[in-house]
K.L.:
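Before anything else, here's the structure in question.
The chain is numbered in sequence order, starting from 1. Note: hydrogens, waters and symmetry copies are ignored here, and every other heavy atom, side chains too, is used.
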Amino acid sequence: MNLIRPRLTDFHGIHKSQSDIDFAIQFFDEDIPLYVDPFLLWKSPSQQDQALHTAIINSFNHLNYLVKKRRSEDAIATLIEISECQEVGLGVSKTRKGVKIGKGQAEQILQLFHDIPEYSQFGFTHFEVIQLYISGISKDRVSDIACNYIKSFLIDYTIEQCESLRIPVEGVILDSIYNYKSNALDLNQKVYLPVNPINKEPIIFTPKRWLRLNPWINFEDYFQSYCPRDEIFNPDEPQERVKVLNYNREHYGAVQGYIEYKTRNIDDCTNDPLFSQIPTLSAKRKLDQLIKLPTGKENGADLKYEDLSASLLSSLFYPHLDFAQTQSRTESGRHIRDLVFYNNRDVDFLDEIFSEYGNRQLVVEMKNVKAIERDHVNQLNRYLQSGFGSFGVFLTRHELPKAIYQNTIDLWSSQRKCIIALTDEDLKLMVQVCESKQRVPIEVLKKKYIEFRRSCPS
């Protein structure tokens, strides 16, 4: 079966949602747009997390020891090697392939130990502040460096999770693993890890509790909330990043003050979920906007309908259906947008559409039309034949016309294809159910399915 944005768990038949799993579920073909934030390890109540943060900081500060021992080339080589960690699949790459920093950038980072006496004497307590000094160093580098320093732990964590979920592992060769005892990289190490089935590249898991969209300490936040701009720029001068970086290298106190400011507000530093539901009030507002839209395409009504529908359904179906993506396709010259969900099979209804119809993913075709027509049914039917399974959903404004409803029943009778429709009224009911917290919105979809099956010949 061809899956849209395939995930590791779906490939191996692990029927759990992201909310039920401790680690961030990786995609095979692209990165997860989150990053490991060392500050989350530092503030964690877990002694293990705190110890890992200490290991990261001690390992980073060991670079200063190497420089002082006139082993700068060793320090540069280590820093370059640990600047990319593609096995964890974090970032924004569409290919899961990253690029290591160059020698010049590594030298600039090491120069901080020489230029700033406090770091030379005492070392860093939060190494992610290198973002405030060096151009081109941002959240992806901070995350990758942190992951590489604790890669040995992450490998053990990954194996433990694989054993728990029965995810198969294979023998792979990693280019390097940082050895905390020797403060050096062990090269070409064989370990057993899950792999990407497409290219056999190794995969390493990261705990969800460590992940943020931006590190708690980052340049953009510093520039917006703490940077002494009046001291750095003249009134009519463009506020360029490089001038801020130069100022910081000469004014350690400004950066230290920012660290103290961020530490005082530590309670606001929490991990970012991979997906969060929109509040009920926001859902009701979006529903109101959707209901007021006219059918058709005039003034972009169809696109507004699709955007509102995507936001609503991805939230209402969560966590029973994890949102995969909004997908566009063209059929017979018509532009069609679909919502695609992962089928986690965690309720009886979803397990049934997997066992009865083969749906490892669920496709919802959005149609902002007065009435679904026979051509629409035929289009969705052909799409289901391409590997999604035999269960599909229309999201449209009104119930199917009687003749079209009979057409879907005939389709079930002849091909065992199940096509049902969710309407404006169904969306209203979903939002009401969500607000009441007595039941879950996925039951509205189940209700429509039961009604459809009752209409089918036995």
K.L.:
Do Asp49 and Trp210 meet the criterion of a side-chain donor-acceptor pair at a distance under 3.5 Å?
P.N.:
yes

K.L.:
When rounded to the nearest 0.5 angstrom, what is the spacing between OH in Tyr149 and CD1 in Ile145?
P.N.:
7.0 Å

K.L.:
Tell me, do Thr423 and Phe394 make a side-chain contact under 4.5 Å, heavy atoms counted?
P.N.:
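No, their side chains stay 4.5 Å or more apart.
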
K.L.:
If we count only N and O atoms by modelled type, under 3.5 Å, do the side chains of Asp346 and His320 hold a donor and an acceptor together?
P.N.:
yes

K.L.:
Between Asn271 and Arg212, is there a side-chain donor-acceptor contact under 3.5 Å, judged purely by atom types and distance?
P.N.:
no

K.L.:
Checking Arg241 against Phe223: charged group under 6.0 Å from the ring centre and within 45 degrees of the axis?
P.N.:
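That pair does not qualify as a cation-pi contact.
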
K.L.:
Taking the six-membered ring for Trp and the single ring otherwise, decide whether the centroids of Phe205 and Tyr157 are under 6.0 Å apart.
P.N.:
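No; Tyr157 has its ring centre 6.0 Å or more from that of Phe205.
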
K.L.:
Mind checking whether Ile76 and Ile80 have side chains closer than 4.5 Å, heavy atoms only?
P.N.:
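Yes; the side chains approach each other to less than 4.5 Å.
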
K.L.:
For the residue pair Tyr252 and Tyr119, is the inter-centroid distance of their aromatic rings smaller than 6.0 Å?
P.N.:
yes

K.L.:
Between Asp186 and Tyr178, do the side chains contain an N or O donor and an N or O acceptor separated by less than 3.5 Å?
P.N.:
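Checked: Asp186/Tyr178 side chains show no N/O donor-acceptor pair below 3.5 Å.
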
K.L.:
Does the side chain of Arg229 come under 3.5 Å of the side chain of Gln239 through a donor N or O and an acceptor N or O?
P.N.:
yes

K.L.:
For Glu170 and Tyr192, which I'm curious about, is there any donor-acceptor pair between the side chains at under 3.5 Å?
P.N.:
no

K.L.:
Angle between ring planes, Phe219 versus Tyr222, binned at 30° and 60°: parallel, tilted or perpendicular?
P.N.:
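Aromatic pair Phe219/Tyr222 classed tilted.
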
K.L.:
Within the structure provided, determine whether Arg249 and Asn246 are in side-chain contact (heavy-atom separation under 4.5 Å).
P.N.:
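A side-chain contact exists here, since the closest heavy-atom pair is under 4.5 Å.
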
K.L.:
Are Lys367 and Asp302 close enough for a salt bridge, meaning some N to O gap below 4.0 Å?
P.N.:
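Here Lys367 does not pair with Asp302 in a salt bridge, since their nearest N and O are not under 4.0 Å apart.
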
K.L.:
Salt-bridged, Lys428 to Glu425, with N to O below 4.0 Å?
P.N.:
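Salt bridge between Lys428 and Glu425, a charged N being under 4.0 Å from a carboxylate O: yes.
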
K.L.:
Kindly state whether the ring of Phe341 and the ring of Phe323 have centres lying under 6.0 angstrom apart.
P.N.:
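Between Phe341 and Phe323, the centre distance is under 6.0 Å.
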
K.L.:
Answer yes when Lys151 and Glu87 have at least one side-chain N-carboxylate O distance shorter than 4.0 Å, and no when they do not.
P.N.:
yes

K.L.:
If we count only N and O atoms by modelled type, under 3.5 Å, do the side chains of Gln50 and His53 hold a donor and an acceptor together?
P.N.:
no

K.L.:
Do you see a donor-acceptor pair shorter than 3.5 Å between the side chains of Glu81 and Ser176?
P.N.:
yes

K.L.:
Would you indicate whether the side-chain heavy atoms of Leu290 and Lys286 approach each other to under 4.5 Å?
P.N.:
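No, side chains not in contact.
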
K.L.:
Heavy-atom distance under 4.5 Å between the side chains of Trp42 and Thr54, does that happen here?
P.N.:
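The answer is no; the side chains never approach within 4.5 Å.
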
K.L.:
What I want to find out is whether Arg285 reaches Asp288 closely enough, with some N-O distance under 4.0 Å, to be called a salt bridge.
P.N.:
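A salt bridge is absent here (no side-chain N lies under 4.0 Å from a carboxylate O).
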
K.L.:
What's the spacing between Tyr247 OH and Leu132 CG if we round to 0.5 Å?
P.N.:
13.0 Å

K.L.:
Can you tell whether the side chains of Asp267 and Lys43 come within less than 4.0 Å, N to carboxylate O?
P.N.:
no

